[in-house]
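Down below is the structure, laid out as structure tokens.
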Amino acid sequence: MNSKTVKFGGSSVADGIQLQKIKNIIEADPERRYVVVSAPGKRFADDNKITDLLFLCKAQADRNIPYEQLFHVVMDRYRAIQYNLGIDVDLDSRFETIHMALQEGCTEDYIVSRGEFLSAILVAAYLGYDFVDTQDLILFNSKGRLLAEETNQALSAELAKHERAVLPGFYGSYQDTGEVCILSRGGSDVTGSLVARAAGSSIYENWTDVSGLLMADPRIVDDPRPIEYISYMELRELSYMGASVLHEEAVFPVRQAGIPINIRNTNAPEDPGTIITTESTYDNRRILSGIAGKQPFTVINIYKSMMNSEIGFVRRALAILEDLRISFDHIPTGIDSFSVVIEKEAIEDQLEEVISAFEQQLHPDDISVIEDIALIAVVGLGLSRTVGVASRITTALSAQGINIRMLNQGFSEINVIVGVDAADFRPAIRAIYDAFSE
Ligand code: ASP
């Protein structure tokens with residue numbers, strides 16, 4: 001029987017009202033057989049996330065500061081859900097176990113993982129699905145790196161025994177000790193992806209509180225169009241430049257298995273959301289998929305006559321950055337010059353050190369620094385089959401009187417990166433968006 005894996009984020013399991021919505025969503029499609037849940041998130045802007053409260057409980061316990069009150073807030077959130085929906089499960093004995101573990105000095109990962117654990121217990125009982133704990137199924141090495149193949153085998157073998165199941169997101173265990181190990185924040189997205197792959201699901205539905213990705217940031221562009229389809233490759237470009245909707249690592253397991261991800265909105269289930277899929281199956285209808293941007297960046301320009309014939313020049317410059325553990329974002333090059341574009345925060349404290357190392361080791365004719373640059377990525381597989389993309393961008397920007405400090409298009413032609421002064425960031429995004437809205 002076909003299956004779909006559905007993952008519900010913190011806001012989708014925040015209270016009884018949200019859980020009723022997810023039940024309706026699941027029951028509307030019998031193929032939605034594997035359900036991954038986060039811990040309850042915020043119900044309103046100033047609310048607490050259970051995960052944050054659990055981190056805090058552990059920090060208080062470690063410092064011998066009373067944490068009971070906080071732990072009560074946690075228990076009350078679950079009790080309210082249980083009471084409102086009339087779910088028949090024994091929460092008290094589980095609370096007792098967690099409380100004891102806190103007193104006995106258990107690990108932070110264990111305590112924090114209980115947010116997802118309790119959430120999955122409640123949701124499984126509410127839906128009448130089996131509860132499948134991910135502790136022994138999602139496996140990490142002793143350094144906390146996910147063991148993808150071992151995990152896939154363990155998960156597939158277990159899922160084969162359950163026609164319908166609810167699994168907690170966010171954690172697994174160290175393969176050698178069996179102790180709980182958590183993923184990074186937002187990691188339930190990764191669990192969902194691992195489950196979808198192991199179950200061989202036809203789709204991984206990631207239910208959240210927005211109806212997918214938009215072509216631009218709605219805080220900058222009025223009413224941007226939703227993205228219906230996007231390739232994994234384009235998503236990666238957009239996320240890198242700041243458009244975030246999914247945990248970065250969630251893409252890999254399903255991408256490898258050729259399973260599309262559908263970002264959906266629990267509060268508007270009728271919206272189709274965004275489908276993220278492999279390049280080969282991607283139905284490319286538009287030139288531009290999206291625009292995203294990041295700032296501020298610092299740009300170091302290095303000029304040396306006859307640089308193009310000096311072998312190893314750029315490598316030596318990059319080795320200096322490597323030695324100082326500074327990662328760079330771009331290196332646009334000219335004939336006798338090149339620039340290194342680095343996030344301001346990453347170089348701020350070491351700028352002088354870098355400049356003097358460049359001067360001493362590269363002997364350039366000139367070095368200059370430009371600060372507060374914004375980078376805008378114009379992303380779309382369609383860019384490569386369209387003539388005149390750069391001219392559309394430059395025309396739109398010059399019409400607004402915006403000076404282009406840098407323009408970079410790689411041979412992949414999946415994106416064009418435009419550098420402008422940070423002050424021009426928002427108007428530049430608006431101008432480019434308008435130039436491509438067909
Ligand atoms: N509850 C965890 C967090 O807040 C994991 C997740 O929701 O994906 O980061």
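Start at 1 and go down the list; that is how both ligands and their atoms are numbered.
Within the 4.5 Å cutoff, side-chain heavy atoms of Pro40 are placed close to those of Tyr78.
A side-chain hydrogen bond (donor to acceptor under 3.5 Å, both in side chains) check over residues 132-141, counting only residues at least two apart or in different chains, returns the pairs Asp133-Tyr171. Under the salt bridge (Lys or Arg N to Asp or Glu O under 4.0 Å) criterion, the residue pairs touching residues 178-196 are Lys7-Asp189, Asp52-Arg185, with sequence neighbours excluded. Within the structure, salt bridge (Lys or Arg N to Asp or Glu O under 4.0 Å) pairs that include any residue of residues 247-260 comprise Arg236-Glu248, Arg255-Glu279 (at least two apart or interchain).
Pocket lining of ligand 1, defined as residues with a non-hydrogen atom under 4.0 Å away: Ser38, Thr51, Glu116, Phe170, Arg185, Gly186, Gly187, Ser188.
In this structure, a donor-acceptor pair under 3.5 Å is absent between the side chains of Ser239 and Ser244. Side-chain atoms of Asn267 and Gln18 include a donor-acceptor pair closer than 3.5 Å.
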